[in-house]
Each structure stands twice: as structure tokens, then as C-alpha cells.
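None of the values given here were measured: they were computed from a predicted structure.
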Amino acid sequence: MASTVHLVATAFDKGEHEDTAATLRTAAASVPDAVAQGHSSGCLQEFATRLAGAQDACTTVKAELLRVRERVTGDPAMIDESLALADRVGRMLLRLHQALSRKLEADRAVSGSQSR
């Protein structure tokens, strides 16, 4: 997703759309970064927190791509492909975050019952 979004942003990163292109690039790059940092933390709670941040960044990517599609002349197929990728990544992140949250909740329940 990040590389496709980068290509879309490159197509209009001059003039009045420079800020939008920068926002797109930053948000798209932060998704895999947040996942990698969370995974390497070795802590499920930190991983879940980082995944939530990745979800937020993915939402930003989708919102910016929708604005681009409305305001900027560019390759609509590339924009639509990027939107589809961002949607798939967002759904994947949501499912992973939900699974981690369930795991953390189960671990807390076990810890609570063992401390009694």
C-alpha cells in the first residue's frame, strides 16, 4: 500500500497539492512502521497500541485519497487501486487488533482468577 500511495502522491506533489502529497506519504509510511515497532516490542499491549495507530494512519490515507480523487486530475485507476489496498489493509489491521484485544482480555481474566 505504501509504495502505491507514494506513486499516487508523486503524481501531484507540486504546487497547491504539496501538503496533501506529504500527508499521504507520511500516513502511508507510518502504517508498516507502526506494525513493525509493535511486533518487535515483545509486548502484546504495546503491539495492540501500535496497531491502533496504524489503523488511524490507514484511515488518514483513505480520507486523503478520497480528497485527491475529487480535487486532483490524475490516474483514477491508480487512486482506486490505492483506495482498495488501503481498505484491505485497514480491515486486516482491525481484525488483528480485535484478536490481540481478545487475547489480552483473556490473559487478564486468567491473571485475575489466579490471584484470588
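For the pair Q55 and L94, the tightest heavy-atom approach, listed with the atom from each and the gap, is NE2-CA, 3.3 Å. Closest approach of M1 to C58, counting heavy atoms only: SD-SG, 4.2 Å. Between A28 and P32, the closest heavy-atom pair is O-CD, 3.1 Å. Summarising the geometry of A34 relative to A54, their closest heavy-atom pair is CB-CB, 3.9 Å, with the distance given to 0.1 Å. In plain terms, the two heavy atoms of V35 and F47 that are nearest each other are O-CE1, 3.7 Å.
Between L24 and the options V61, T10, T60, a side chain to side chain contact (heavy atoms under 4.5 Å, CB included) holds for only V61.
A salt bridge links E64 with R67: the closest approach of a Lys/Arg side-chain nitrogen to an acidic carboxylate oxygen falls below 4.0 angstrom. At a threshold of 4.0 Å, the pair R102-E105 does not count as salt-bridged, since none of the basic side-chain nitrogens sits closer than that to a carboxylate oxygen.
The structure places OG1 of T4 at 6.5 Å from CE of M78, a figure rounded to the nearest 0.5 Å. Interatomic distance, L66 CG to K62 NZ, rounded to the nearest 0.5 Å: 9.0 Å. Remark: R50 CZ to H39 NE2 distance equals 14.0 Å, nearest 0.5 Å. The CZ atom of R25 sits 14.0 Å away from atom OG of S30, with the distance rounded to the nearest 0.5 Å. Atom CG of residue L83 and atom CD1 of residue I79 lie 8.0 Å apart, to the nearest 0.5 angstrom. The CG atom of L104 sits 8.0 Å away from the SG atom of C43 when rounded to the nearest 0.5 Å.
In this structure, the side chains of Q37 and D33 come closer than 4.5 Å at one or more pairs of heavy atoms. In this structure, L65 and D80 have side chains that are not in contact, with every pair of non-hydrogen atoms separated by 4.5 Å or more.
Listed for the H97 side chain is no donor-acceptor partner under 3.5 Å among the backbone atoms of L51.
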